[in-house]
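Inspection log for the structure reproduced underneath, given as C-alpha cells.
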Amino acid sequence: MMRGAMGPPQSAISIIILAAGQGKRMHSGLPKVLQPLAGRPLLAHVIDCARAIGAGDICIVYGHGGDRVREAFRDQELRWAHQADQKGTGHAVRQAMPGTPKSNRVVVMFGDVPLLRPATVKKLIEACAGDEVGVLTVDMDDPFGYGRIVRENGQVTESIEEKDASDEQKRIREINTGVTTAPAAMLDKWLGNLKNDNRQGEYYLTDVLGMAVTDGVTVHGVKTTDQAEVMGINDKRQLAEAERALQSRLVGELMEQGVSFADPARVDIRGSLKCGRDVFIDVNAIFEGDVELGDGARIESNNLIRDTVIGAGTVIHSNCHIEQSRTGANCEIGPFSRLRPGAELASNVKIGNFVEVKKSVIADGSKVNHLTYIGDTDIGAGVNVGAGTITCNYDGANKYRTVIGDKAFIGSGVQLVAPVEIGADATIGAGSTITKDAPAGKLTLERSKQVTIEGWKRPEKKPK
Ligand code: UD1
Ligand code: MG
C-alpha cells in the first residue's frame, strides 16, 4: 500500500504494457515495438515512463517477434506474459492478469504510445478514488483511426472503435488514448466477460469501460491537452511524426537550460545529451548514446557524436565523426576528423582534417593537423605530428603501441612501425619509415640518398 500526501491509502500499481501486436501497418520485419524512436525502441520509452510512475510491477505482454522483444530488454527487471495469438487488446491484458496481485491497481499502457509523460499518467491515477476506473483521453484535430469516447451528461459511458462507430460517433473528437486504469480484481472479471462480436472480431480492452459503467462504477475520462504525447504509432508516417515531436521536446528542454541551437528543428538527440553553460550547436548535429558537452563547447554543422565527453571550450568544426572518445578543455577538432573508440585527448589538443585517432592518448597542447592515422599510441605533451604520418599498429595479426615523448616533432609523411618509441624532444625527418626506437633530443632519419640522373628523358607518346 502506498499512502498519498493526503487522502486514503492507494493500492500498489501494476503496469501492463501491451506489445504483442505485429504492427502490420509498419510493413517491416522488425516488430512494431522495436521500431526506433530517438535511437531506442518504442517500447523502451514506454518502460521508462512506467518506471518513472513508480510501478513496482511492470508486465510486458509480448507475442509477435517475441524472442527479439524479450532479448532487447534482457538486462531489465520485467515480468513477461506471452500472448500467442493476437486476439485484441482486452485478450492481451488478460494474459498478464495471472501474475498481477489482485489487490493492486492496474494501469494499462500501449507499447506503441511512446511519448506519454509520467506526470500525465499519475494525474489519471490520482483522479480515481477507491475502485474507480480511469481512461486517458484527448481531443484530436484528426481523430481518424482512434477509439471515440462516448459521454452522456459529461460522464463517460463507453468507448467505440473507429471501425464500429456510427457516422455520428465518428464526429466525436475526444479519443481513447488506450491508457486505462482499474482495480485488478474487477478488471479481471470484466476481461473474462469480453466478447469479440465487433467488426474486427477482437476482444477489445476498451469495452471494459462500458462494463464498468453497467456495474455502476464511475469511469473518469481524464483529458490531456497534448495530442503529440498520446499519439499511437501504427505506421512509418506516424513514427516520423513522433520522432519530430520527441526531438522538439528534447531540444526544448535544452533551450530552457540555456543551450543555443542555430535551428532547433535541425538537430537529433538519440540518447542523453548533457550540456554545460553557453553551449552552441549548429545544424545537423546528431548525438547518440550518452554525450556530454562542457561549458562553452561549440558544435559546428554536420557532426555525429556518440557516447563522448567534450571538454569546456572545445570546438568541433564541421563534418566530424566522433565515437566513445573524450576531449579535455579548449581542443579544436576537425573539420573532417574521425575520433574512434578510445581517443582520449587532454586540453588544447588540435586534431585537423582527415585525421583518424583510435585507442590513443594525446597529452596537452599536441597537434595532429593533417591527413594522419594515430592508432594505439601514447603521444606526450606539446608534440607536433606532421601531415601524412601513419602509426603502423597492425602486422596483419597483432596490434602494437607507439609511444611519442613530450615535444617530439614528427616530420611529414612518416611511418612509425609499432612497437616503437620516439624519445622526448626527438625530431623525425620527413618521409622516414621508423622501425627502431628513436632517441630523445636527436634528429633521426630513414631515407635513401637523393640522386639526380643526368641525361634522363621523359618518355614520349609513340606515333600511331
Ligand atoms: C487502440 C485502441 C483505441 C485507441 C488506440 C490509441 C483498442 C481496441 N483500441 O487501437 O481505442 O484509440 O489504441 O492508440 O484497444 N496489442 C497486443 N495484442 C493484441 C492487440 C494489440 O499486445 O492482440 C498491442 C499492440 O502491440 C499495441 C497496442 O496493443 O502496442 C494497441 O494495439 P493497436 O492494434 O495498435 O490498436 P489501435 O488500433 O491503435
Ligand atoms: Mg495503435
Side-chain angles (χ1 to χ4, degrees), residues 15-26 28 30-35 37 41-47 49-50 59-66 68-69 80-97 108-116 135-140 142-150 156 158-165 169-170 172-180 182 187 190-191 194-211 221 224 227-239 241-242:
I15 292 188
I16 298 173
I17 301 175
L18 305 192
Q22 177 185 8
K24 286 196 199 92
R25 292 166 274 182
M26 284 289 172
S28 167
L30 192 65
K32 172 156 85 168
V33 292
L34 294 186
Q35 298 285 336
L37 180 72
L42 288 180
L43 183 55
H45 296 270
V46 183
I47 293 173
C49 176
C59 180
I60 315 288
V61 180
Y62 72 108
H64 244 277
R68 282 172 87 181
V69 176
W80 294 88
H82 191 243
Q83 186 193 23
D85 296 311
Q86 281 71 60
K87 296 184 187 165
T89 49
H91 179 261
V93 176
R94 229 185 142 185
Q95 312 311 306
M97 293 313 287
V108 179
M109 292 171 47
F110 287 178
D112 69 346
V113 181
L115 300 184
L116 204 58
V135 60
L136 186 69
T137 75
V138 74
D139 288 333
M140 281 276 179
D142 177 13
F144 179 79
Y146 289 97
R148 308 296 206 283
I149 297 292
V150 181
V156 174
E158 59 176 337
S159 175
I160 299 279
E161 290 304 286
E162 166 90 29
K163 289 191 174 125
D164 303 302
Q169 286 167 331
K170 280 184 189 155
I172 299 173
R173 286 179 48 230
E174 186 181 11
I175 64 101
N176 187 337
T177 66
V179 185
T180 306
L187 180 63
W190 293 321
L191 291 173
L194 284 179
K195 301 223 161 45
N196 64 350
D197 53 353
N198 50 52
R199 289 292 295 275
Q200 305 193 82
E202 290 186 359
Y203 297 94
Y204 292 160
L205 168 67
T206 47
D207 284 351
V208 158
L209 302 182
M211 290 173 155
T224 166
Q227 294 178 33
E229 181 184 14
V230 294
M231 81 183 272
I233 313 298
N234 299 310
D235 57 30
K236 292 283 168 71
R237 188 190 302 272
Q238 288 167 330
L239 185 62
E241 280 169 26

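Numbering of ligands and ligand atoms starts at 1, following listing order.
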Are any non-hydrogen side-chain atoms of I47 and I60 less than 4.5 angstrom apart? yes
Report the member of I149, N176, I16 with the shortest heavy-atom distance to atom 4 (C) of ligand 1. N176
What heavy-atom pair brings Y204 and E161 nearest, and what distance separates the two atoms? CE1-CG, 3.4 Å
Which residue and atom name correspond to the protein heavy atom nearest atom 11 (O) of ligand 1, and how close is it? E161 OE2, 2.6 Å
Do T180 and L209 come within less than 4.5 Å of each other through their side chains, counting heavy atoms only? yes
Only heavy atoms count here, so choose which of G147, G232, G88 is nearest to atom 23 (O) of ligand 1. G88
Among all protein heavy atoms, pick the one closest to atom 13 (O) of ligand 1 and tell me residue, atom and distance. F110 CE1, 3.0 Å
Any heavy atom of T206 closer to ligand 1 than 4.0 angstrom? yes
Can you tell me which residue and heavy atom of the protein come closest to atom 29 (O) of ligand 1, and the distance to 0.1 Å? L18 CB, 3.4 Å
Residue-level breakdown please: for R25 versus ligand 1, do any non-hydrogen atoms fall below 4.0 Å on the side chain, on the backbone, on both, or on neither? side chain
Atoms in ligand 1 with a heavy atom of K87 nearer than 4.0 Å: 23 (O)
Hey, is atom 36 (O) of ligand 1 touched by any protein heavy atom at less than 4.0 Å? no
Find out whether M97 and I16 are in side-chain contact, i.e. whether some heavy atom of one side chain is under 4.5 Å from a heavy atom of the other. yes
In ligand 1, which numbered atoms sit nearer than 4.0 Å to a non-hydrogen atom of A92? 17 (C), 18 (N), 22 (O)
Under a 4.0 Å heavy-atom limit, does A19 contact ligand 1 with its side chain, its backbone, both, or neither? backbone
Using heavy atoms and a threshold below 4.0 Å, how should the contact between T177 and ligand 1 be classified: side chain, backbone, both, or neither? backbone
pair V93-V61: side-chain heavy atoms closer than 4.5 Å: no
With E162 as reference, evaluate R148, Q169, R199 under the side chain to side chain donor-acceptor pair (under 3.5 Å) test and give the passing residue. R148
Heavy-atom nearest neighbour in the protein, as seen from atom 25 (C) of ligand 1, with distance rounded to 0.1 Å: G21 N, 3.8 Å
Heavy-atom contacts under 4.0 Å between M231 and ligand 1: side chain, backbone, both, or neither? neither
Option with minimal heavy-atom separation from atom 32 (O) of ligand 1, where the choices are D85, V93, I60, T89: T89
Validation row: V135, T206 side chains within 4.5 angstrom (heavy atoms): no
Specify side chain, backbone, both or neither for E202, according to which of its non-hydrogen atoms lie closer than 4.0 Å to ligand 1. neither
Nearest protein heavy-atom contact for atom 18 (N) of ligand 1: which residue, which atom, what distance? Q83 OE1, 2.7 Å
Any chance you could measure D235, atom CG, to K32, atom NZ, to the nearest 0.5 Å? 8.5 Å
Student check: side-chain heavy atoms of N198 and K163 closer than 4.5 Å: no
I need the contact type for A20 against ligand 1. Using non-hydrogen atoms and a strict under-4.0 Å cut-off, is it side chain, backbone, both or neither? both
Shortest non-hydrogen contact from G232 to V113? CA-CG2, 3.9 Å
Within the 4.5 Å heavy-atom criterion, are V33 and I17 side-chain neighbours or not? no
So, of the N/O/S atoms that D112 has, which is the nearest one to the Mg ion (ligand 2)? OD2
List every atom of ligand 1 that sits less than 4.0 Å from any heavy atom of K32, numbering the atoms from 1 in the order shown and giving each element. 35 (O)
Under 4.0 Å from a heavy atom of N234: give me the atoms of ligand 1 that qualify, with their elements. 35 (O), 39 (O)
If you define the side chain from C-beta out and look only at heavy atoms, does anything of L205 sit under 4.5 Å from F110? yes
S159-N176 side chain donor-acceptor pair, cut-off 3.5 Å: yes
